Amino acid sequence: QVHLIESGGDLLQAGGSLRLSCAASGRTLSSYGMGWFRQVPGKAREFVAAISKSGSYTDYADSVKDRFTISRDSAKTTVYLQMNSLNSVDTATYYCAARPSPSARWIGRWESDYWYWGQGTQVTVSS
């Protein structure tokens, strides 16, 4: 079992930036492919970004491409989501997800790709 903990959510104004973090309690994430998803009440959870276990491969939803950046630290203990140029449509609960990676290049875009989920962190962008 992997216990993921997200942090960094906040209330901020449109145009601002925020960095979310995701860490696993008591272990590194070096062998896991990681993803970020978001959800607003009444809507399905949607893919935001993903990164391979090596950190060499990334993927983004079209809606956040060129604004958000997913990364992982060299010690592979934390995964980040840097969010720039935020606007009201980015308001959501953001979830971190993990899966033991089947290959060095593996990236998951679907909820069903992932085995473990965090509890979420709220991001609210006021216009």
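Just so it is clear, the values below take in all heavy atoms, side chains as well, and ignore hydrogens, waters and symmetry mates. Note that the coordinates shown come from a computational prediction; the quantities given were computed from them, not determined experimentally. In this chain, residues are counted from 1 in sequence order.
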Measure the [atom1]-[atom2] distance between [X] and [Y] for me, rounded to the nearest 0.5 Å.
X: Ser54; Y: Trp106; atom1: OG; atom2: CH2; answer: 12.5 Å
X: Trp110; Y: Phe47; atom1: CH2; atom2: CZ; answer: 9.5 Å
X: Thr28; Y: Arg72; atom1: OG1; atom2: CZ; answer: 9.0 Å
X: Arg105; Y: Ser52; atom1: CZ; atom2: OG; answer: 9.0 Å
X: Ser85; Y: Asp90; atom1: OG; atom2: CG; answer: 9.5 Å

Does the side chain of [Y] come within less than 4.5 Å of [X]'s, by heavy atoms?
X: Val2; Y: Trp115; answer: no
X: Ser25; Y: Ile5; answer: yes
X: Val79; Y: Leu29; answer: yes
X: Leu18; Y: Leu12; answer: yes
X: Gln82; Y: Ser71; answer: no
X: Thr91; Y: Leu86; answer: no

[X] side chain vs [Y] backbone, donor-acceptor pair below 3.5 Å:
X: Glu6; Y: Gln119; value: yes
X: Ser101; Y: Ala104; value: no
X: Arg38; Y: Ala92; value: no
X: Asn87; Y: Val89; value: yes
X: Tyr60; Y: Ile70; value: yes
X: Thr121; Y: Gly9; value: yes

Residue pair [X] / [Y]: nearest heavy atoms and the distance that separates them:
X: Thr78; Y: Ala23; value: OG1-CB, 4.2 Å
X: Gly118; Y: Tyr95; value: O-CD2, 3.6 Å
X: Tyr116; Y: Pro100; value: CE1-CD, 4.2 Å
X: Ala24; Y: Leu4; value: CB-CD2, 4.1 Å
X: Ser127; Y: Ala14; value: CA-CB, 4.2 Å
X: Met34; Y: Cys96; value: CE-SG, 3.5 Å

Practice task
Might you confirm whether atom CD of Gln122 has over 12 heavy atoms from other residues, nucleotides or ligands at distances under 6.0 Å?
Solution key: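 It does: Gln122 CD has more than 12 such atoms within range.
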
Exercise for the section: Answer yes or no: are there more than 12 heavy-atom neighbours, outside Gln13 itself, under 6.0 Å from its atom CD? Expected result: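 No, the 6.0 Å shell around CD holds no more than 12 heavy atoms from other groups.
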
Practice task
Indicate, with yes or no, if Val48 and Val125 share a hydrophobic cluster defined by side-chain heavy-atom contacts under 4.5 Å among Ile, Leu, Val, Met, Phe, Trp and Tyr.
Solution key: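 Both belong to a single hydrophobic cluster.
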
Exercise for the section: Would you tell me whether Arg27 and Tyr32 have side-chain atoms, one donor and one acceptor, within less than 3.5 Å of each other? Expected result: yes

Practice task
Using the six-membered ring of Tyr114, assess whether NZ or CZ of Arg99 lies under 6.0 Å from its centre and within 45 degrees of the ring axis.
Solution key: no

Exercise for the section: Evaluate the criterion side chain to side chain contact (heavy atoms under 4.5 Å, CB included) for residue pair Val123 and Leu20; output intermediate values, then yes/no. Expected result: CA-CA 9 Å; Val123 174; Leu20 305 183; 4.0 Å; yes

Problem - Step-by-step side chain to side chain contact (heavy atoms under 4.5 Å, CB included) determination, Asn84 to Arg19 - result: CA-CA 9 Å; Asn84 300 327; Arg19 188 175 80 162; over 6 Å; no

Handout entry: Ring center gap for Trp117 and Phe37 short of 6.0 angstrom
Key =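 Close enough - the centres of the two rings lie under 6.0 Å apart.
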
Problem - Parallel, tilted or perpendicular: rings of Tyr94 and Phe68 (30°, 60°) - result: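 If you compare the ring of Phe68 with that of Tyr94, the planes turn out tilted.
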
